Amino acid sequence: MITSPLTTNKSVLAFVEKYANMMRPKDIVWIDGSKAQLKALTNEAVSTGEIIKCNSKLLPGCLYHRTAVNDVARVEGRTFICSREKENAGPTNNWMEPQEAYAKLDAIADGCMEGRTMYVIPFSMGKVGSPFAKYGIELTDSIYVVLNMNIMTRVGAKVLTKLGDSDEFVRGIHSKVKLEEENRYICQFPEDNTIYSLNSGYGGNVLLGKKCFALRIASYQGWKEGWMAEHMLILGVQKPDGDIKYITAAFPSACGKTNLAMLIPPETYTAKGYKVFTVGDDIAWIRKGRGGKLYAVNPENGFFGVAPGTNAKSNPNALASTQKGTIFTNVVFNPKTKTVWWEGLDKNPPKNVLDWKGNKWSGGMVDADGKVIKGAHPNSRFTSPAKNCPCLSTEFENPKGVPISAIIFGGRRAKAAPLVYEARDWKHGVFVGSIMASETTAAASGAVGVVRHDPMAMLPFCGYHMGDYFQHWLDMGKKIKNKPKIFNVNWFRTDDEGNFIWPGFGDNMRVLDWILARCEDAVDAVETPIGFMPKAEDINLEGLDFSVEQLESILDCDKKVWLKEAADIEEFYKRFGDKLPKELTAELNRLKKNLRKRK
Ligand code: GTP
Ligand code: SPV
Ligand code: MN
């Protein structure tokens with residue numbers, strides 16, 4: 001058997017040996033997490049051109065990388081849940097029979113690392129040794145993946161020390177192979193704790209700790225073990241009296257999680273002493289804890305954030321997080337200054353630089369039809385260490401997590417969904433999460449701007465039958481005495497010209513304020529057919545150029561529009577057959593009745 005400088009764990013060694021024999025790398029490097037090793041790997045990637053170092057004065061420790069042009073986002077059509085029974089993957093996932101999948105994937109992986117090095121990355125999701133933590137080993141032939149995993153997760157020898165002789169680790173197998181789209185597969189085997197990712201080099205497809213493990217595999221583990229893995233940010237709002245309340249929020253990809261997690265409240269709040277702290281920006285693992293409450297941790301250690309639109313006004317905390325030790329992917333690169341740029345960073349796009357494809361590019365360039373050519377890919381990203389974030393919560397590393405007061409669901413809806421509404425109770429809240437719909441974004445390949453159902457923002461990330469997932473949500477509620485209140489928000493309502501009506505970003509604090517007031521029974525609400533809505537005068541508009549009439553226009557419940565929603569939900573629900581919890585059918589019936597009854 002092969003040996004490792006880091007472990008004698010037989011399961012780990014057998015796993016690495018099996019895939020070394022299959023993929024036949026020229027050598028194997030165990031990632032110990034040391035600075036010296038990471039530096040050497042960075043230099044090696046720089047020497048081959050895989051990575052470019054940024055300006056060491058302006059962006060110390062920052063790196064630049066371009067993915068292949070055909071490999072810039074998650075590929076949902078090529079993502080599979082390979083549970084033994086098709087039924088267990090459910091109607092919303094692609095499914096492949098595991099033996100068939102292994103045969104297909106092993107054939108693609110056969111000899112795929114010839115002439116390359118295999119890196120063995122031991123990593124932890126959650127603080128090493130904490131009750132929430134889960135461990136994984138990712139095999140990869142990409143230094144870019146090693147360096148990203150080192151930011152996004154806790155990597156190195158300490159993970160193997162903690163793992164000891166246990167075989168409870170998630171097996172992640174990644175190879176770029178030949179980056180062939182037609183042979184690209186992202187396969188999760190929940191019953192085997194195994195993930196294969198072949199023929200991609202893009203973030204969400206290859207940083208296996210993130211969506212593949214921390215959501216698809218972990219949601220399955222949570223279902224079996226009585227906890228939850230959710231596509232949620234976690235933030236803390238500190239009141240002037242010093243009390244901090246924690247909120248989690250599930251929005252689909254590229255719908256505002258990072259921005260909300262790092263929100264800077266408007267002047268009217270900061271002047272009074274309000275502060276917002278970030279615990280997580282993408283994934284929350286949630287368990288029952290002390291006081292009959294739900295507690296959340298962020299299993300990640302960094303941010304893999306959308307670059308375009310990030311600027312000193314929209315998200316100064318995210319921008320500050322990117323100023324050192326960050327990897328930039330598919331943004332604009334200025335080879336003279338060795339700095340980066342993306343659409344929405346500022347109003348001075350650089351000239352004579354290189355776009356995300358490596359082509360010559362200047363700000364303002366237009367194509368034959370006069371359309372502006374973008375320099376950065378709409379799904380270009382930064383990978384930043386969490387510790388860079390100026391508003392990182394002191395509870396970020398708390399092994400027990402933070403107690404949750406409110407859970408928010410939200411999507412990108414030009415019409416229909418109001419700015420905010422509150423569910424009547426947990427059951428209704430699960431219904432509200434299950435009926436979420438949102439316009440698709442550049443975070444996944446395919447059409448952009450198409451409204452689709454995306455329950456709890458988990459459509460592409462639930463590792464088992466979505467009907468069982470809904471039931472799991474209902475069951476969790478039964479176990480929790482002090483349940484968080486559940487809300488729905490929509491920052492993306494547009495006017496007839498297609499402009500966003502609500503100012504959003506920092507001003508979303510005004511909505512969080514109402515949400516927390518509701519959690520404390522400190523403010524009334526209006527009952528509508530869909531749930532409780534604020535009275536317009538209860539949303540603080542101080543210091544904002546926004547009228548009560550404008551606010552009222554997005555605090556509405558148009559019955560005609562919602563009757564159509566209800567019909568869509570009914571169709572969507574049919575897909576779950578017997579697995580749709582009866583409680584949700586009852587909620588849908590109640591919604592329809594409310595819509596017909598009230599004026
Ligand atoms: P993933 O990392 O893909 O999961 O995305 P995310 O949910 O973290 O989204 P992010 O915060 O990166 O925002 C995505 C896009 O939405 C960016 O272009 C933001 O500028 C925009 N956005 C975020 N918050 C708001 C808001 O309150 N209003 C408007 N109009 N746009 C917003
Ligand atoms: C998302 O798409 O929700 C992301 C980016 O957070 S990725 O890591 O690509 O999934
Ligand atoms: Mn995400």
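All values below were derived from every heavy atom in this structure, side-chain atoms included, with hydrogens, water molecules and symmetry-related copies excluded. Residues: numbered from 1 along the sequence shown. All values derive from a computational prediction rather than experimental measurement.
Distance alone, capped at 3.5 Å, places no donor-acceptor pair between the Ser34 side chain and the Asp32 backbone. A distance-only check finds no donor-acceptor pair linking the side chain of Asn150 to the backbone of Val146 [under 3.5 Å]. Between the side chain of Trp342 and the main chain of Ala307, a donor-acceptor pair closer than 3.5 Å is present. No donor-acceptor distance shorter than 3.5 angstrom exists from the side chain of Asp355 to the backbone of Gly375, with no hydrogens or angles considered. Looking only at distances, no side-chain donor or acceptor of Glu85 sits under 3.5 Å from a matching main-chain atom of Asn88. With hydrogens and angles ignored, the 3.5 Å screen pairs a side-chain donor or acceptor of Asn199 with a backbone N or O of Leu179.
Take Pro399 and apply the side-chain contact (heavy atoms from CB on, under 4.5 Å) test, not counting sequence neighbours, and it matches Ser130, Pro131.
Using a 30° and 60° split on the angle between ring planes, Phe189 and Tyr102 fall in the parallel class, below 30°.
Remark: Glu76 engages Arg74 in a salt bridge, criterion side-chain N to carboxylate O under 4.0 Å. Between Glu300 and Lys210, at least one side-chain N (NZ, or NE/NH1/NH2) sits under 4.0 Å from a carboxylate O, which counts as a salt bridge. A salt bridge does not link Glu97 to Lys104: none of the charged nitrogens lies less than 4.0 Å from a carboxylate oxygen. Looking at Asp71 and Lys176, no side-chain N of the basic residue comes within less than 4.0 Å of a carboxylate O on the acidic one, giving no salt bridge. Classification of Glu397 and Arg154 as a salt-bridged pair holds, one side-chain N sitting under 4.0 Å from a carboxylate O.
Checked against the 6.0 Å centroid threshold, Trp473 and Trp223 do not count as a close aromatic pair. Here Phe333 and Tyr64 bring their ring centres to under 6.0 angstrom of each other. Taking the centre of each ring, Tyr246 and Tyr295 stay at or above the 6.0 Å mark.
A cation-pi geometry, defined here as NZ or CZ lying under 6.0 Å from the six-membered ring centre and within 45° of its normal, holds between Arg78 and Tyr185. Both tests do not hold together for Arg381 against Phe328: distance to the six-membered ring centre under 6.0 Å, angle to the ring axis within 45°. Under the 6.0 Å distance and 45° angle rule, Lys257 does not count as a cation-pi partner of Phe251.
In this model, no donor atom of one side chain and acceptor atom of the other lie less than 3.5 Å apart for Ser438 and Asp454.
Just one of Lys479, Gln471, His472 meets the side chain to side chain donor-acceptor pair (under 3.5 Å) condition when paired with Asp475; it is Gln471.
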* Ser142 vs Tyr119, side-chain hydrogen bond (donor to acceptor under 3.5 Å, both in side chains): CA-CA, chis, key distance, verdict -> CA-CA 8 Å; Ser142 159; Tyr119 302 97; over 6 Å; no

